[in-house]
Amino acid sequence: MKIIVPIKQVPETGNVKMDTETGTIIRDGSESIINPLDLYAIETAIELKEKHGGSVTAISMGPPAAEKALREAVAMGCDEAVLITDRKFAGSDTWATSYTLSAAIKKIGPFDFIVAGERATDGDTGQVGPNLAAALNLPMATFIRTIDVVKEASAIQVERLVEEGYEQLELPLPALVTVVKEIAYPRLPTLRGKQRAKKMELLRWGADDLDLDVTKIGLKGSPTRVVKIVSPRVTREGSRVEVKNEETLEKAVEELLTFLNERGFLAEHKRLTEGEKGA
Amino acid sequence: MHKQALWTVAELEGAHLRDTSFEIIARGRRLADKLGVPLISIAIGSGIEEVELQRLIHHGADSVAAVDTGALQGYQTETYSNVLTSLIERYEPQIVLAAATVNGRSLLPHVAMRLRAGLTADCTELDIEEETGNLLQTRPAIGGNILATIKTPEARPQMATVRPRSTLPLPEDPKRRGEIERIPFEAQWHDRRVKKLGMKENTVEQLNIQAAEIIVAGGRGMKKKENFSLLEKLAAELGGVIGASREAVDRAWISYPHQVGLSGKTVVPALYIAVGISGAIQHLAGMKTAGEIVAINRDPQAPILEIADFAVVGDLFQVLPRLIARLREERQL
Ligand SMILES: Cc1cc2nc3c(=O)[nH]c(=O)nc-3n(C[C@H](O)[C@H](O)[C@H](O)COP(=O)(O)OP(=O)(O)OC[C@H]3O[C@@H](n4cnc5c(N)ncnc54)[C@H](O)[C@@H]3O)c2cc1C
């Protein structure tokens, strides 16, 4: 069973600092990590490999430094790693990224499925998974929380998280899934894994290595443009009450009740009341 | 059908429209008026009654185009993508909007890839650029640290998913009239690869928190699982549901569908009460746009207090029992 996991390197969001005057991100000091939501995809792929045999290939498009993320994926247990990197890819939006990744995945050759994270924590679009399924014409299931290989490894059954609950779907292989964090608990790299990752040769492909239409890559190939970035207002300047003793506790709760009442949130409460009185 | 129109994609649950279908019409209405083009609501599904489609018009659509057949029973990406892609190719709308629901966020990227269209996810603001008539799409990114405005200068259509509950539907106007066009389903659109085997509905305990008007959320400050009963009591008094921080979910005090934040759900309730939650950036990313925010936290420095409309600095184990008792008292009156 050959599994491909597309991953992204992202800044650690907890550390992202904003320059409130210019509205730009201060990148210094913010560590780059594997998109945390991709760890669940990597774990899922490795568990499937352990159960059904085969191999896992991690693939990432990004700057040369994204190599670090790929090596971490190998340290967790991925067998191969492919870095898609080229100046010509700079400025790609999700469309151009997916187009480029799909060309690279075609070059990797036949596979059974692609497991992707549900979205990246920086761009937060969640578009690359469905984009890839469309570009590669694979049946897809997004936001899945369980996966079972069935029918002599010719299909998978999954549970897909939707607003009302979980949908149960069956997809023929090859297929693409995006996973939510409920699906697995990502393992930490082992010492042996780390050693292997250090020594391992990565595959590095640039634009010339792939069968690409150059008008569809990088900034020029991207349909969308970022026009403006601002840091949103974060404080609401609301009211604040402090509870120090019995007296201030009573005052705080009364003020909170007034706040809730003035904004109409006790209406439901009143309805409950009337319902009960009627009964 | 009118070309260059603005389309909103309605979403159905069974044969009934979801509220998000009306929210995106409200969004689209302003834009369509600015551009001077009709707003057409697209409904894809099975067994949708005429009165249901009329509601799209009553809520602000100029007309409705429906593709309705047994093969479209229940959302299914591949077939729905074939339908929407073909309709867009045929009728060339300039803008296509859908709600950023689970299905909207699956379908639109699938379609946009095939059409080579620009797509912006989970927008919280939309506008039209005066000079060019381009759609300006604004969305939070990097865990809500920034708001990015994005446009699609050339590719068409311009597509966006819109954060659910980030806008209210327009008031229903039963006198509004508009055409309802039924577009025949074409057999080659039917993609049978993915089979739906069944559905496990959420239990009451797992309620869809994204649809809730009031959320009472607890974090690590709740100390242990049993204490969530305090939140349940408060939620019951207010008619709300339970949300949680990742810390609470990771400790198995409550299940994952309740998690709010970057790796959980994004919620926009009218009221969000955060109890014993510090307000880490990843948590704020999921609830920052709530209507009113109440925070109860004993640490005066906790970031959650900064974004609260009403902040109580104090011990939740004092505040909650008193609050619940007072709400009960009010009810007895
Ligand atoms: C990639 C990534 C994704 C993440 N995704 C999410 C996500 O989706 N959702 C999420 O919530 N987090 C997420 N996190 C985790 C996030 O960074 C925080 O760790 C988490 O939100 C903290 O949860 P908390 O506020 O419950 O706990 P803490 O930060 O420990 O806060 C507990 C709070 O309770 C208060 N408290 C304690 N006792 C009392 C008392 N008796 N009375 C009143 N107040 C009290 C304390 O003052 C404190 O402010 C993510 C992190 C990463 C790196």
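None of the values given here were measured: they were computed from a predicted structure. Residue numbers begin at 1 in each chain, while the letters A, B, ... track the order of the sequences.
- With A/Glu163 contributing its side chain and B/Val102 its backbone, the two residues share a donor-acceptor pair below 3.5 Å.
- With a 4.5 angstrom heavy-atom cutoff, A/Arg263 touches chain B only via side-chain atoms.
- In this structure, B/Glu78 contributes its side chain and A/Met140 its backbone to a donor-acceptor pair below 3.5 Å.
- For A/Asp93, no part sits under 4.5 Å from any heavy atom of chain B, backbone or side chain.
- Heavy-atom distances place the side chain of A/Leu260, and not its backbone, under 4.5 Å from chain B.
- When the shell of 6.0 Å around NZ of A/Lys251 is examined, it contains 12 or fewer heavy atoms from other residues, nucleotides or ligands.
- For B/Gln318, the CD atom sits in a packed shell: over 12 heavy atoms of surrounding residues, nucleotides or ligands are nearer than 6.0 Å.
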Apply salt bridge (charged side-chain N to carboxylate O under 4.0 Å, His left out) to residues B/Arg322 and A/Glu246 and explain how you reach the verdict. CA-CA 10 Å; B/Arg322 166 76 65 134; A/Glu246 189 60 24; 2.3 Å; yes

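- In this structure, the portions of A/Leu169 lying under 4.5 Å from any heavy atom of chain B include both its backbone and its side chain.
- Remark: side-chain polar atoms of B/Arg105 are paired, donor with acceptor, to backbone N or O of A/Thr125 under 3.5 angstrom.
- A/Glu255 touches chain B through backbone and side chain together, each having a heavy atom under 4.5 Å away.
- Scanning both residues, A/Thr224 and B/Gly118, for their nearest heavy atoms gives CG2-CA, 3.6 Å.
- The contact between B/Ile293 and chain A is made by backbone and side chain atoms together, counting heavy-atom distances below 4.5 Å.
- Both the backbone and the side chain of A/Lys216 come within less than 4.5 Å of a heavy atom in chain B.
- Looking at B/Arg246, only its side chain comes within 4.5 Å of chain A, counting heavy atoms on both sides.
- Neither the backbone nor the side chain of A/Leu173 comes within contact range of chain B; no heavy atom of the residue lies under 4.5 Å from a heavy atom of that chain.
- In the model, B/Ser106 has a side-chain atom that pairs as donor or acceptor with a side-chain atom of A/Arg160 under 3.5 Å.
- For chain B, the nearby part of A/Leu37 is the side chain; its heavy atoms alone come within less than 4.5 Å.
- Of the atoms belonging to A/Glu250, heavy atoms from both backbone and side chain fall under 4.5 Å from chain B.
- For the residue pair A/Tyr166 and B/Pro257, the shortest heavy atom distance occurs at OH-CG, 3.4 Å.
- Checked by atom type and distance alone, the side chain of B/Arg193 never pairs as donor or acceptor with a backbone atom of A/Ala175 at under 3.5 Å.
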